[in-house]
Amino acid sequence: MPIYTGRGDEGNTDLRTMDRVPKHSARIEAYGSVDEVNSLVGAARPTGYDDVDDTLREIQNHLHVVQADFANPDPDEDDPVARDEHVDFLEDTIDEADEELEPLTAFILPGGGDDGAALHHARSVCRRAERRAVALGHEEDVNETAIVYLNRLSDALFTLARLVNQRDGIPEENPEY
């Protein structure tokens, strides 16, 4: 597969259906933002915790599915699409991490150690990706499960950031008002 083709030089790109669309379209914005999240999740690995790293690797694979889902306005039965089991995986991840964490009683400042801060960064970009996906859904049909996945993923990344920071012995800080 060639890395460059020149086909996008004039500001258009191909969807999975091979339809040409402008690179600024809502669909491209949605899956491009998901790509950013995926890159940030990759930058957070390895955390030094095998269970967290395995979870992040699985999330990266899910994000490729979400990207493919958004890149395909008319998926066939065998095309990759976000499914309920992807959301279930995230909910299980959150529940398992919450068992190890102290209950959250107030807002916390995003940050901590390098890995925790990287996961918080990924979470904030995930929120943007979700906003882009919701905007796409107002313009075109989208798989609602993909949007739910992004919503739950931001929660999972927040929880994993807290978990990594706690394991690293880095206390959470609350905002001052």
Side-chain angles (χ1 to χ4, degrees), residues 1-47 51-97 110 115 118-161:
M1 168 191 307
I3 298 301
Y4 63 90
T5 63
R7 289 181 41 83
D9 292 351
E10 294 178 9
N12 293 308
T13 192
D14 295 318
L15 296 176
R16 188 171 164 98
T17 59
M18 298 311 292
D19 292 333
R20 300 284 290 165
V21 297
K23 289 184 178 183
H24 67 272
S25 77
R27 189 167 292 280
I28 304 306
E29 283 290 333
Y31 77 71
S33 294
V34 172
D35 187 32
E36 286 182 76
V37 175
N38 204 343
S39 294
L40 290 170
V41 171
R45 287 178 49 215
T47 63
D51 59 335
V52 174
D53 293 341
D54 290 346
T55 296
L56 294 176
R57 184 178 189 288
E58 187 69 20
I59 286 169
Q60 286 192 280
N61 283 303
H62 292 174
L63 288 169
H64 266 280
V65 171
V66 172
Q67 285 176 253
D69 197 334
F70 287 150
N72 192 353
D74 189 26
D76 290 328
E77 191 172 300
D78 60 341
D79 286 333
V81 295
R83 301 189 190 286
D84 290 338
E85 58 260 24
H86 297 123
V87 175
D88 293 343
F89 174 84
L90 294 175
E91 290 175 352
D92 291 343
T93 294
I94 294 166
D95 292 343
E96 288 173 23
D115 298 321
L119 289 166
H120 276 297
H121 186 192
R123 174 202 47 83
S124 66
V125 174
C126 185
R127 288 287 190 204
R128 176 171 15 104
E130 179 188 6
R131 292 189 302 272
R132 297 287 194 268
V134 168
L136 171 61
H138 283 285
E139 292 182 19
E140 302 179 44
D141 288 336
V142 295
N143 176 3
E144 292 294 322
T145 303
I147 295 173
V148 171
Y149 180 86
L150 292 173
N151 180 274
R152 210 66 83 250
L153 177 58
S154 62
D155 296 335
L157 292 170
F158 175 80
T159 304
L160 291 171

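What you are looking at is a predicted structure, and each value in this text was computed from that prediction instead of being measured.
D35 contributes no side-chain N or O that, together with a main-chain N or O of Q67, makes up a donor-acceptor pair within less than 3.5 Å. Side chain of N151 to backbone of I147: no donor-acceptor contact under 3.5 angstrom is found. Between the side chain of H86 and the backbone N or O of R83, at least one donor-acceptor pair lies under 3.5 Å.
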TODO: Could you go through the side chain to side chain contact (heavy atoms under 4.5 Å, CB included) check for T145 and V87 one step at a time?
DONE: CA-CA 8 Å; T145 303; V87 175; 4.1 Å; yes
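Contact record, A44 with D115: O-OD1, 3.8 Å, taken as the closest heavy-atom pair. What you find for L150 and A133 is that their closest heavy atoms are CD1-CB, 4.0 Å. Among all heavy-atom pairs drawn from R27 and F70, the shortest one is NH1-O, 2.6 Å. Here the closest heavy-atom approach between residue R127 and residue D155 is recorded as NH2-OD1, 3.3 Å. Residue N143 comes nearest to A82 through the heavy atom pair ND2-O, 2.9 Å, listed as atom of the first residue, atom of the second, then distance. Across all their heavy atoms, L153 and L63 have their closest contact at CD2-CD2, 3.6 Å.
If you take CG on L157 and CG on L56, they are separated by 7.5 Å, rounding to the nearest 0.5 Å. Between the OG1 atom of T55 and the CD1 atom of I94 there is a distance of 11.0 Å, given to the nearest 0.5 Å. Here CD of E96 is found 12.0 Å from OG1 of T159. Values are rounded to the nearest 0.5 Å. Rounded to the nearest 0.5 Å, atoms CG (L90) and CD (E58) are 9.5 Å apart. Atom CG in D51 sits 9.5 Å away from atom OG1 in T93 (nearest 0.5 Å). If you take SG on C126 and CG on L119, they are separated by 11.5 Å, rounding to the nearest 0.5 Å.
More than 12 heavy atoms of other residues, nucleotides or ligands shown are found within 6.0 angstrom of CG on N61. For E10, the CD atom counts as loosely surrounded, since its 6.0 Å shell holds 12 or fewer non-hydrogen atoms of other residues, nucleotides or ligands. For R57, the CZ atom sits in a loose shell: 12 or fewer heavy atoms of surrounding residues, nucleotides or ligands are nearer than 6.0 Å.
Looking only at side-chain heavy atoms (C-beta outward), Y31 and N72 stay at 4.5 Å or farther from each other. The shortest distance between side-chain heavy atoms of V142 and V134 does not fall below 4.5 Å.
When E139, E29, E36 are each tested for a salt bridge (Lys or Arg N to Asp or Glu O under 4.0 Å) with R132, only one passes: E29.
No side-chain donor-acceptor contact under 3.5 Å links H64 and Q60.
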